[in-house]
Amino acid sequence: MSILNADLHCHSVVSDGTLTPEELASRAAANGVELWSLTDHDEIGGQERAAQAARGHGMKYLTGTEISVTFANETVHILGLGFDPDDPAMRQGLGETRGGRTARAMEMAQQLALVGIKDAYEGALRYVGNPELVSRMHFARFLVETGVCKDTGEVFRKYLTEGHPGYVSHRWASLKAAVQWITSAGGMAVIAHPARYRFTANEEYALFSEFKVHGGRGVEVVTGSHTAAEYVRYAETAREFDLAASRGSDFHSPVESHTDLGRLPFLPGDLTPVWEVLADRIQ
Ligand code: AMP
Ligand code: MN
Ligand code: MN
Ligand code: MN
């Protein structure tokens, strides 16, 4: 069934969203979401609260996370869906992936100080809900608050990205490790928003090929991070690589996100939705 209002990608205060898991669940339910997943960056601390809140609203739930990976010198995001949140290897892997974030954030603040933006680390921390998870998004909110930029989109065009002040390169988990943590914990690995990466055609082919070799089985086709043309393009990639297709808003905040929870087109009817493959993992 592709005609299901599934939203399998969003963020809470446990990573870089602005709403709690409970507030997200209410908003998802109000928007007609039938199957939901909270996918905080490198973190599963909100899973129990999200699953419980989903139950309270009569929504089905899949466990979720979005793991930061380094592939071909680029950061790639791998969604994990339907895994066992108590799996020890998964928990340890995510903990290690979170590990470098504080030192990176301090370095980002030092870079920003060089262009006259003072106390950015302390400023970003005011937006952080989880001390282990300082994200560039928290810095972006600080730069908007202090009037350096008018919105977070402008921040990522002028700061915090490669070639701009405040960018610090970082080595995240390997593709192989992230896919293995998810699949060994009984879940499905899904390549998040593939159109967002600046890969050549050869690099993108290598990403999908290696992902499959390691056991990855899904790709996010309909997402708030894609244009309508990109839905078509990655539906074709799903067919070419025989991957299941996912749908998720990537909602972070009512103010910053242009795609609200559950407010997305349905998946193309001929694709296999990830929730069909994960039927026995749905709570
Ligand atoms: P981090 O995981 O600390 O590198 O932060 C990345 C986060 O910044 C993403 O998950 C988004 O929430 C946010 N973000 C928003 N726009 C962009 C962009 N153009 N480039 C990178 N990150 C962005
Ligand atoms: Mn984010
Ligand atoms: Mn992402
Ligand atoms: Mn995301």
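- Residues W275 and L8 meet the side-chain proximity criterion, which asks for heavy atoms closer than 4.5 Å.
- Distance check, rounded to the nearest 0.5 Å: OG of S26 to CG of L19 gives 9.5 Å.
- For the pair W36/C10, a side-chain contact is recorded, criterion being any heavy-atom separation below 4.5 Å from C-beta on.
- Under the 4.0 Å criterion applied to side-chain N and carboxylate O atoms, K60 and E34 are not assigned as salt-bridge partners.
- Separation of atoms OG1 (T152) and CG (L143) is listed at 10.5 Å; rounding is to 0.5 Å.
- The backbone N or O of S249 lies less than 3.5 Å from no partner atom in the side chain of T223, so there is not a single donor-acceptor pair.
- In this structure, the side chains of I67 and H41 stay at 4.5 Å or more apart for every pair of heavy atoms.
- Each of F139 and L133 belongs to its own hydrophobic cluster when Ile, Leu, Val, Met, Phe, Trp and Tyr are linked at side-chain heavy-atom distances under 4.5 angstrom.
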Worksheet item: Hey, mind stepping through R247 and E220 against salt bridge (charged side-chain N to carboxylate O under 4.0 Å, His left out) and telling me if it holds?
Response: CA-CA 6 Å; R247 175 181 191 261; E220 201 175 40; over 6 Å; no

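- In this structure the side chain of R27 reaches within 4.5 angstrom of the side chain of D260, judged on heavy atoms.
- For the pairing with F71, the side-chain contact (heavy atoms from CB on, under 4.5 Å) check across F199, W172, Y197 returns one residue only, F199.
- The minimum heavy-atom distance between V219 and P194, with the atom names listed, is CG2-CG, 3.8 Å.
- Only one option out of V179, L81, V221 pairs with V190 in a side-chain contact (heavy atoms from CB on, under 4.5 Å); it is L81.
- A side-chain N or O of E66 and one of H11 form a donor-acceptor pair less than 3.5 Å apart.
- Here OG of S15 is found 8.0 Å from CZ of R101. Values are rounded to the nearest 0.5 Å.
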Worksheet item: Can S225 and D250 be said to form a side chain to side chain donor-acceptor pair (under 3.5 Å), step by step?
Response: CA-CA 7 Å; S225 302; D250 205 357; 3.2 Å; yes

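- A distance-only check finds no donor-acceptor pair linking the side chain of S257 to the backbone of T259 [under 3.5 Å].
- Under a 4.0 Å N-O distance rule, the pair R141/E256 qualifies as a salt bridge.
- Scanning all heavy atoms of the two residues, the minimum distance from I182 to A189 falls at CG2-N, 3.7 Å.
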Worksheet entry | Intermediate values then yes/no, salt bridge (charged side-chain N to carboxylate O under 4.0 Å, His left out), R198 and E162 | CA-CA 11 Å; R198 294 160 308 169; E162 205 169 344; 3.4 Å; yes

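- E107 contributes no side-chain N or O that, together with a main-chain N or O of R104, makes up a donor-acceptor pair within less than 3.5 Å.
- Once rounded to the nearest 0.5 Å, the distance linking CZ of R217 with OG1 of T183 reads 10.0 Å.
- A donor and an acceptor atom, one from each side chain of Y61 and Q47, are located under 3.5 Å apart.
- Of the residues listed (V274, L38, L35), the one engaging L62 in a side-chain contact (heavy atoms from CB on, under 4.5 Å) is L35, and it is the only one.
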Practice prompt. For the pair Q110 and Y121, evaluate side chain to side chain donor-acceptor pair (under 3.5 Å) and give the outcome as yes or no after the intermediate values.
Written response: CA-CA 8 Å; Q110 282 169 14; Y121 180 67; over 6 Å; no

Item to complete: Determine, step by step, whether F266 and L4 satisfy the side-chain contact (heavy atoms from CB on, under 4.5 Å) criterion, reporting the C-alpha distance in whole Å, the side-chain angles of both residues, the deciding distance to 0.1 Å, and the verdict.
Response: CA-CA 7 Å; F266 290 113; L4 178 77; 5.7 Å; no

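- Checking N130 against R98 by side-chain atom types alone, no donor-acceptor pair falls below 3.5 Å.
- Y159 and E154 are not linked by any side-chain donor-acceptor pair at a separation below 3.5 angstrom, with hydrogens and angles left out of the test.
- Enclosure of atom CG in D270 by more than 12 non-hydrogen atoms of other residues, nucleotides or ligands within 6.0 angstrom is indicated.
- Heavy atoms only, all atoms of each residue included: V134 and V128 are closest at CG1-CG2, 4.1 Å.
- A single hydrophobic cluster is seen to contain both M59 and L261, as judged by linkage of ILVMFWY side chains at heavy-atom distances under 4.5 Å, directly or through other members.
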Worksheet item: Does the pair Y167 and Q111 meet the rule for a side-chain contact (heavy atoms from CB on, under 4.5 Å), with working shown?
Response: CA-CA 8 Å; Y167 176 73; Q111 300 280 330; over 6 Å; no

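- Side chains of V155 and V144 form a contact here, defined as non-hydrogen atoms less than 4.5 Å apart.
- We find the OG-CD1 distance between S37 and I282 to be 10.5 Å, quoted to the nearest 0.5 Å.
- At a threshold of 4.5 Å between side-chain heavy atoms, the hydrophobic network of Ile, Leu, Val, Met, Phe, Trp and Tyr places L112 and M137 in one connected group.
- Judged by distance alone, the side chains of D42 and S68 do bring a donor and an acceptor atom under 3.5 Å apart.
- With hydrogens and angles disregarded, a donor-acceptor distance shorter than 3.5 Å links the side chain of T200 to the backbone of E203.
- Under the 3.5 Å distance criterion, the side-chain polar atoms of T63 are matched with a main-chain donor or acceptor of F83.
- The hydrophobic cluster containing Y127 also contains I117, counting ILVMFWY residues as joined when their side-chain heavy atoms lie under 4.5 angstrom apart, directly or transitively.
- Considering only heavy atoms from C-beta on, H77 stays 4.5 Å or farther from T39 through its side chain.
- In this structure R263 satisfies the salt bridge (Lys or Arg N to Asp or Glu O under 4.0 Å) test with no other residue, sequence neighbours excluded.
- Both L160 and M106 sit in one connected hydrophobic cluster of ILVMFWY residues. Membership requires side-chain heavy atoms under 4.5 Å apart, directly or through other members.
- Remark: side-chain polar atoms of D84 are paired, donor with acceptor, to backbone N or O of D86 under 3.5 angstrom.
- For F241 and Y205, the ring centers sit closer than 6.0 Å to each other.
- With salt bridges taken as basic N to acidic carboxylate O contacts below 4.0 Å, none links R233 and E236.
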Worksheet item: Going through the checks in order, is the side-chain contact (heavy atoms from CB on, under 4.5 Å) test met by E145 and R126?
Response: CA-CA 11 Å; E145 175 202 82; R126 291 212 301 277; 2.5 Å; yes

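- In this structure, the side chains of R136 and T161 come closer than 4.5 Å at one or more pairs of heavy atoms.
- Minimum interatomic distance between G224 and L264 (heavy atoms only, all atoms of both residues): N-CD2, 3.7 Å.
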Discussion item. L94 vs M90, test: side-chain contact (heavy atoms from CB on, under 4.5 Å). Steps then yes/no.
Written reply: CA-CA 6 Å; L94 291 176; M90 175 84 171; 4.1 Å; yes

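- When side chains are defined from C-beta on, F156 does not count as touching D151, because their heavy atoms never get closer than 4.5 Å.
- Each side chain to side chain donor-acceptor pair (under 3.5 Å) pair with one or both residues in residues 88-97, not counting sequence neighbours, appears once here: Q92-E96.
- Taking all atoms of both residues into account, the shortest heavy-atom contact from L79 to A192 is CG-CB, 3.8 Å.
- Residue R239 places its CZ atom among more than 12 non-hydrogen atoms of other residues, nucleotides or ligands, all under 6.0 Å distant.
- More than 12 non-hydrogen atoms from other residues, nucleotides or ligands lie less than 6.0 angstrom from NZ of K212.
- In terms of the side chain to side chain donor-acceptor pair (under 3.5 Å) criterion, residue partners of S135 (sequence neighbours excluded) are, by chain and number, D16.
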